[in-house]
Amino acid sequence: MGGGAWCTNLSAAYALLASQLRSTGLVREEIEASSRAFSFGTARPQPNFYADAPWRLPSAAVRVLALPLADPLLAQSKELPRLLARAARAVEAALPRGSIAWTQPTATLHATIFHPGMSPGSLTPATATIAPARAPSPTDLARELEKLRQIAAMGADGRGNLIDLVVDRIVMSSGGVLLVLLAPAEGCGADGVSNAVERMRAAASAAFPDAGRKQAKLLIHSSVLRLIRLPRDISADELRDTAKRIGVVCEHWAGRLQGARVAIRGLLYVVEEQIMTLAGEQHKLWFGSTRTFEQDGMQGAHGQRVLSAGGQSGRRWAANLTTRRVGCNIGVAHPFASSKSSMP
């Protein structure tokens, strides 16, 4: 797709997302669908692990290639992570008492490029019936990583080995997902950086023809917060009022955030263990080079194990994710997306 057509389609898609809350409001059924990606067995709801119920996927079934927005080595931005955290708190304050939301940990903010294996967008309680029969072998994963190195090497198309993105706006979907929408800082061009994301997605699709069918397309976005539970007794009028309040907050923060930039030096490849948190074995891939960070001595030979803010791994990291219940002293949580309105 030419740069001009791509940008036209991107702008139209963003305008449609921005109008969704105003035209549709918050849809209880979509929010409830999002909540199924969480475990509520503890005081702090946590994103589910892929190996656990309801999915029980084989080890390493889900892998992701992503643009990191707050990684200290791969992303350069003076203000974006801080402003997004403030926007999330403002939206949280607009929720009715008794709501539960989950805020994406700042260090894990990312825009998905591709899922070489299963895609979280295809997960349902019945996923076991369509899950791969076996876990990928170490050889399978090594070959996959090598292909992804090649994709990263062509990612920024030689322009300083950076992808420079700018915030277009921040919106909340009808399913309660707060999204930051990003666009190329240099605008549109047939051969420019504006098409770097599309080129990488097309290359990944060609390299992994057996990957999950539900993949990120067109949009360059990151989830910031997810509303995962509404008060049981909330009325239709109260739900409409809540949507209006959140819309006002989003419009305010869209103005504050518009134009905030992030320069990205490479991709994250994560063999994921847990939905949304990027917990798992992580490899950092430079743009413009087939070398990985571990090859340059910046992390272990097998990548960095489970990685999220604080450098904790696996379930211990998940146990410390911040969740809050609005109006209480527990915290607010933010879940996965429904198939209609949310994007992982």
Side-chain angles (χ1 to χ4, degrees), residues 26-57 62 64 84-85 87-110 120-121 123-127 172-179 222-234 238-239 242 246 270 272-280 306-310 312-344:
L26 290 168
V27 179
R28 186 190 300 268
E29 292 77 14
E30 294 179 18
I31 294 169
E32 290 174 353
S34 292
S35 72
R36 294 174 194 144
F38 279 77
S39 171
F40 291 85
T42 63
R44 296 180 177 181
Q46 299 176 18
N48 288 333
F49 284 84
Y50 292 119
D52 294 345
W55 304 315
R56 303 191 187 282
L57 298 182
V62 180
V64 66
L84 289 176
R89 289 194 294 269
V91 168
E92 179 187 323
L95 297 175
R97 184 181 180 87
S99 301
I100 301 177
W102 184 80
T103 301
Q104 188 79 27
T106 297
T108 70
L109 289 166
H110 66 281
L123 293 177
T124 70
T127 296
M172 178 168 272
S173 72
S174 58
V177 183
L178 184 66
L179 301 166
S222 178
S223 300
V224 179
L225 175 141
R226 294 175 184 266
L227 173 59
I228 54 176
R229 186 161 290 179
L230 291 163
R232 292 183 179 179
D233 58 351
I234 191 170
E238 289 171 326
L239 195 58
T242 298
I246 293 173
V270 186
E272 292 189 282
E273 297 178 4
Q274 184 184 30
I275 199 166
M276 291 178 287
T277 66
L278 294 182
V306 176
L307 46 35
S308 283
Q312 301 175 62
S313 63
R315 297 170 189 275
R316 198 175 65 141
W317 153 248
N320 289 326
L321 289 174
T322 300
T323 305
R324 228 174 2 256
R325 187 180 303 273
V326 178
C328 303
N329 293 323
I330 299 176
V332 172
H334 177 331
F336 193 38
S338 75
S339 59
K340 177 180 178 182
S341 64
S342 49
M343 304 124 193

Main-chain N/O of Ala51 paired with Glu273 side-chain donor or acceptor, under 3.5 Å: no
Return the [atom1] to [atom2] distance between [X] and [Y], rounded to the nearest 0.5 Å.
X      : Y      : atom1 : atom2 : value
Leu95  : Leu230 : CG    : CG    : 8.5 Å
Thr277 : His110 : OG1   : NE2   : 9.0 Å
Ile31  : Leu227 : CD1   : CG    : 4.0 Å
Glu272 : Leu57  : CD    : CG    : 11.0 Å

Considering all heavy atoms of both residues, which atom of [X] and which atom of [Y] are nearest to each other, and what is their separation?
X      : Y      : result
Glu92  : Thr103 : OE1-OG1, 4.4 Å
Glu30  : Ser174 : OE1-OG, 2.8 Å
Thr242 : Ala94  : CG2-O, 4.3 Å
Met276 : Tyr50  : N-OH, 4.5 Å

When you compare the side chain of [Y] with that of [X], does any pair of heavy atoms fall below 4.5 Å?
X      : Y      : result
Met172 : Leu26  : yes
Ile234 : Arg28  : yes
Ile275 : Trp55  : yes
Ser99  : Pro231 : yes
Leu178 : Ser223 : no
Asn48  : Pro54  : yes

Cation-pi geometry met for Arg229 and Phe40 (6.0 Å, 45°): yes
